[in-house]
Visitor: 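Provided herewith is a single structure, encoded as structure tokens, for subsequent inquiry.
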Protein chains: 4
Amino acid sequence: MGGTPARGNNSRKDDACARRREELLSAAAKVFARSGYPGTEVQEIAAACGLAKGTVYLYFPSKEELFLATVDRAMIRLCHHVRETCAGIDDPLDRLAAAVRSYFAFFQSNPEIAELLIIERAEYRDRKTPTYLEHKRENTKDWQEVYAGLIRDGRFRAVPVERISRVVSDLLYGTMFTNHFSGGQRTPNEQARDVLDILFEGLLTPAERETRASRERATVPAEQT
Amino acid sequence: MGGTPARGNNSRKDDACARRREELLSAAAKVFARSGYPGTEVQEIAAACGLAKGTVYLYFPSKEELFLATVDRAMIRLCHHVRETCAGIDDPLDRLAAAVRSYFAFFQSNPEIAELLIIERAEYRDRKTPTYLEHKRENTKDWQEVYAGLIRDGRFRAVPVERISRVVSDLLYGTMFTNHFSGGQRTPNEQARDVLDILFEGLLTPAERETRASRERATVPAEQT
Amino acid sequence: MGGTPARGNNSRKDDACARRREELLSAAAKVFARSGYPGTEVQEIAAACGLAKGTVYLYFPSKEELFLATVDRAMIRLCHHVRETCAGIDDPLDRLAAAVRSYFAFFQSNPEIAELLIIERAEYRDRKTPTYLEHKRENTKDWQEVYAGLIRDGRFRAVPVERISRVVSDLLYGTMFTNHFSGGQRTPNEQARDVLDILFEGLLTPAERETRASRERATVPAEQT
Amino acid sequence: MGGTPARGNNSRKDDACARRREELLSAAAKVFARSGYPGTEVQEIAAACGLAKGTVYLYFPSKEELFLATVDRAMIRLCHHVRETCAGIDDPLDRLAAAVRSYFAFFQSNPEIAELLIIERAEYRDRKTPTYLEHKRENTKDWQEVYAGLIRDGRFRAVPVERISRVVSDLLYGTMFTNHFSGGQRTPNEQARDVLDILFEGLLTPAERETRASRERATVPAEQT
DNA sequence: CATGAATGAGTCTTCATTCAT
DNA sequence: TATGAATGAAGACTCATTCAT
């Protein structure tokens with residue numbers, strides 16, 4: 001019942017098949033993002049590829065699977081995109097900065113993907129871990145190692161790496177969505193600059209930091225829950 | 001056609017009517033959050049209040065209006081909640097910290113509201129500005145004044161207040177959702193601590209800050225895009 | 001279960017009650033005619049009398065009964081109207097002419113009643129003999145006697161009275177409706193003139209009548225089925 | 001959305017499609033006539049053709065359109081029927097007589113169509129000119145020419161042709177409906193005979209005509225309103 | 001492989017009627 | 001009597017999915 005036609009010997013067929021899948025997923029991303037999940041008819045997606053409704057079912061067993069594959073592909077593309085950008089950059093801070101810019105740039109170029117993430121959660125609330133989170137988990141470890149290195153090198157404060165990675169990724173996530181909902185008016189560079197400025201330097205002045213530090217020393221040092 | 005019954009003198013009726021609206025909105029929030037918008041039958045919401053389907057239509061003209069009223073009420077409650085928490089706190093930094101904790105606490109107590117925000121966006125993509133953003137706009141100004149005061153007092157670095165307010169609210173938003181999607185396992189205090197630590201102190205060590213600052217001074221000062 | 005309130009001693013109450021029934025029927029005729037049977041809400045009729053929905057059910061047991069009573073009242077008014085017009089007219093031909101004018105005049109003044117007749121048939125197709133026919137039957141006999149008299153007096157050709165009464169009433173019926181559907185533009189006098197001219201004098205010239213009569217005489221005289 | 005499937009080249013499909021439309025319209029006429037417009041579920045019509053509800057919507061975009069198409073088809077069939085009957089008849093009077101018989105015969109064979117006309121008016125009161133009237137208008141002109149010819153030939157009295165055509169068509173209309181409501185007991189020939197007898201010869205005797213004519217001559221000649 | 005006609009489950013909404021006040 | 005809040009049956013229409021061609 002629906003899967004992928006021509007899974008066999010003939011590599012020419014396999015190619016054609018994979019290409020069509022890609023085409024369908026690409027069209028699906030746009031249509032789903034524009035019309036929402038319930039608002040999208042399989043027919044529309046088929047039509048966007050010049051195919052008939054029934055043909056879609058030769059490549060995906062159901063609308064649901066088609067949608068989930070669409071989100072999955074989108075997340076894979078996001079990962080690729082960020083990873084490629086970082087590839088040649090040696091300095092970890094520069095790499096982080098590049099990754100941040102790259103993240104925002106990806107969603108600027110593919111705003112429909114922000115919608116897909118929303119829609120996935122709205123429709124598959126309890127059937128599935130959000131694909132975004134799944135992919136995030138994969139990268140978390142790598143970045144935490146980067147953060148640990150930076151701390152070892154005395155470049156980052158000795159903040160728990162889990163905290164760093166959490167705050168960084170939550171901030172990216174929130175910034176991207178807020179910008180998306182506001183019509184995507186800010187450029188990736190603007191977004192990255194704001195984010196990194198505060199992330200790196202914090203908000204407090206050295207004087208205020210000192211004030212707070214001394215006050216803390218005076219308190220019972222049991223607050224570090 | 002559909003609005004609110006008993007729009008008249010009788011205050012006892014008016015009361016009962018308002019109470020029932022509340023009851024319906026509260027039930028609606030839970031049901032919509034659990035089952036999604038298309039997955040929710042008006043019937044379920046009615047049943048949750050011990051009412052018949054038709055009765056709901058005496059209070060709200062359509063499922064759509066009911067949903068939007070539900071989101072609106074949720075956002076109003078969020079604002080109230082945060083504002084009340086901050087009420088008696090004089091020190092602006094303490095107030096900000098309290099607001100942050102209060103924000104996370106609200107969503108911990110009302111996890112269904114996070115879902116409503118998602119659902120609203122997923123279903124009303126282009127028909128409506130997200131209610132969340134509408135309410136955020138209202139508060140932004142007040143907080144920006146707070147930030148300006150902190151800068152004037154030499155407690156915050158001279159970062160543009162728009163940037164501060166943007167980064168803070170995006171970080172809250174992202175943290176809340178990520179935590180929610182992960183099952184809401186972290187407490188409001190934990191979330192607030194992580195967020196505020198990095199927000200206030202930044203990630204860099206004093207040494208690294210100095211390195212970066214001097215490097216910047218050396219560069220062509222055209223970076224201020 | 002719904003009938004008529006205050007069916008008892010108190011004549012003042014009875015009066016008030018009858019008056020209210022009248023009021024309701026009159027309002028109902030207008031609303032039903034404007035909005036059709038399924039398109040009419042009992043609520044509208046009540047509102048038109050300044051009453052609440054529930055009150056209507058004190059006077060009529062159901063929407064259906066209310067409607068049928070409305071049609072019935074309309075037909076009774078039609079009969080009254082025509083009969084009153086004819087009352088003092090001695091010459092049978094003049095009386096017939098007056099009745100015809102009066103019939104058209106009634107529907108000009110009460111165009112909603114034409115609609116009611118349609119609606120009755122459309123909704124109660126097989127549940128009920130059309131009220132119009134019922135009332136017609138009552139009058140048929142009287143008019144047939146008139147026709148018989150006219151034949152006896154040598155003023156009408158010796159056409160079977162059933163035929164006369166049938167043709168006359170069908171022509172009135174058809175003319176009234178056609179005029180009504182066309183927006184009721186022709187006056188009762190115009191309609192009556194056209195109808196009576198042809199009804200009385202026929203279409204053929206004396207010469208043509210003779211031609212046809214002689215041809216008929218030549219044929220086998222078995223055609224009078 | 002919803003029109004006719006298979007709008008393309010394939011003539012076999014087109015045929016099947018047209019045939020199915022016909023089938024649906026024919027079934028619809030019967031069901032609508034039996035159960036009324038609101039009383040008819042699209043489902044019933046589908047079932048009458050051995051189809052599923054959804055299939056009907058492939059051929060007609062809505063219940064309303066289906067109904068209107070049903071009435072339209074009925075009127076077209078009426079026109080065809082009458083026109084075919086008249087085709088080979090040269091003598092205008094004979095042709096008129098044939099048309100009248102044919103008209104009654106049509107409704108005897110298709111009594112459901114009388115109902116459709118009622119229902120259309122009852123449901124589409126103000127949305128639409130009755131289809132019957134629309135089709136009548138088309139034929140009126142032709143018949144008026146016939147009447148003019150008869151007058152020129154001295155076979156019809158010099159009655160205005162508009163009056164003739166009005167009276168004739170109103171009489172047919174009224175006769176048809178009255179007979180239909182009475183259970184359609186009279187044959188087309190009986191109906192035609194009664195109608196034509198009086199239409200052609202009128203009701204008055206030659207003597208009475210003379211009386212009236214002389215009386216008229218005596219009156220002030222201002223009566224010609 | 002591709003098609004698109006056919007299917008029928010699923011849901012919002014209306015409104016006649018009831019009944020507690 | 002009068003009210004109007006509450007009820008819940010009823011029905012049009014959509015669209016994912018199937019399958020004969």
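In what follows, every heavy atom counts, from backbone to side chain, and hydrogens, waters and symmetry copies are set aside.
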Visitor: Among residues 35-46 of chain B, which ones have heavy-atom contacts with DNA chain E below 4.0 Å?
Guide: T40(B), E41(B), V42(B)
Visitor: Can you check the R20(B) CZ to dG4(F) P distance for me, whole Å?
Guide: 17 Å
Visitor: May I ask you to decide if the ring planes of Y37(C) and Y124(C) are parallel, tilted or perpendicular, using 30° and 60° as cut-offs?
Guide: perpendicular
Visitor: Taking side-chain contact (heavy atoms from CB on, under 4.5 Å) as the definition, give me every residue that meets it alongside P38(C), ordered by chain and number, with sequence neighbours left out.
Guide: E123(C), P38(D), E123(D)
Visitor: To the nearest angstrom, how far is R19(A) atom CZ from dC1(E) atom C1'?
Guide: 15 Å
Visitor: From the options dA12(F), dT3(E), dT7(E), select the nucleotide whose nearest atom is closest to the side chain of A52(A).
Guide: dT3(E)
Visitor: Which ranges of DNA chain E pair up as stems, where a stem means three or more consecutive Watson-Crick or G-U pairs with both distances under 3.5 Å?
Guide: E:2-21 with F:2-21
Visitor: I'd like to know if the side chain of K63(D) and the backbone of T40(D) have a donor-acceptor N/O pair within less than 3.5 Å.
Guide: yes
Visitor: By nearest nucleotide on DNA chain E, pick out whichever of E64(B) and L51(D) is the more 5' one.
Guide: L51(D)
Visitor: Could you tell me how far apart Y57(B) (OH) and dT11(E) (P) are, to the nearest whole angstrom?
Guide: 12 Å
Visitor: Write down the distance between CD (E23(D)) and C1' (dA5(E)), rounded to a whole number of angstrom.
Guide: 14 Å
Visitor: Roughly, in whole Å, what's the span from CZ in F60(B) to P in dC12(E)?
Guide: 16 Å
Visitor: Could I get the full list of side-chain contact (heavy atoms from CB on, under 4.5 Å) partners for A48(A), not counting sequence neighbours?
Guide: A27(A)
Visitor: Would the base of dT17(E) count as contacting K53(C) through its side chain, where contact means a donor and an acceptor less than 3.5 Å apart?
Guide: yes
Visitor: Write down the distance between NZ (K63(A)) and P (dG10(E)), rounded to a whole number of angstrom.
Guide: 15 Å
Visitor: Report the residues that fulfil side-chain contact (heavy atoms from CB on, under 4.5 Å) with A28(C), sequence neighbours left out, ordered by chain and then residue number.
Guide: F32(C), I45(C), L66(C), T70(C)
Visitor: Please report, rounded to the nearest Å, how far the C1' atom of dC15(E) is from the CZ atom of F32(C).
Guide: 13 Å
Visitor: For T55(C) and for S62(D), locate the closest nucleotide of DNA chain F by heavy-atom distance; then report the residue assigned to the nucleotide nearer the 5' terminus.
Guide: T55(C)
Visitor: Sequence neighbours left out, what passes side-chain contact (heavy atoms from CB on, under 4.5 Å) with R125(B)? Give chain and number order.
Guide: E115(A), I119(A), R121(B)
Visitor: Could you tell me whether the side chain of R20(D) reaches within less than 4.5 Å of the side chain of L51(D), counting heavy atoms only?
Guide: yes
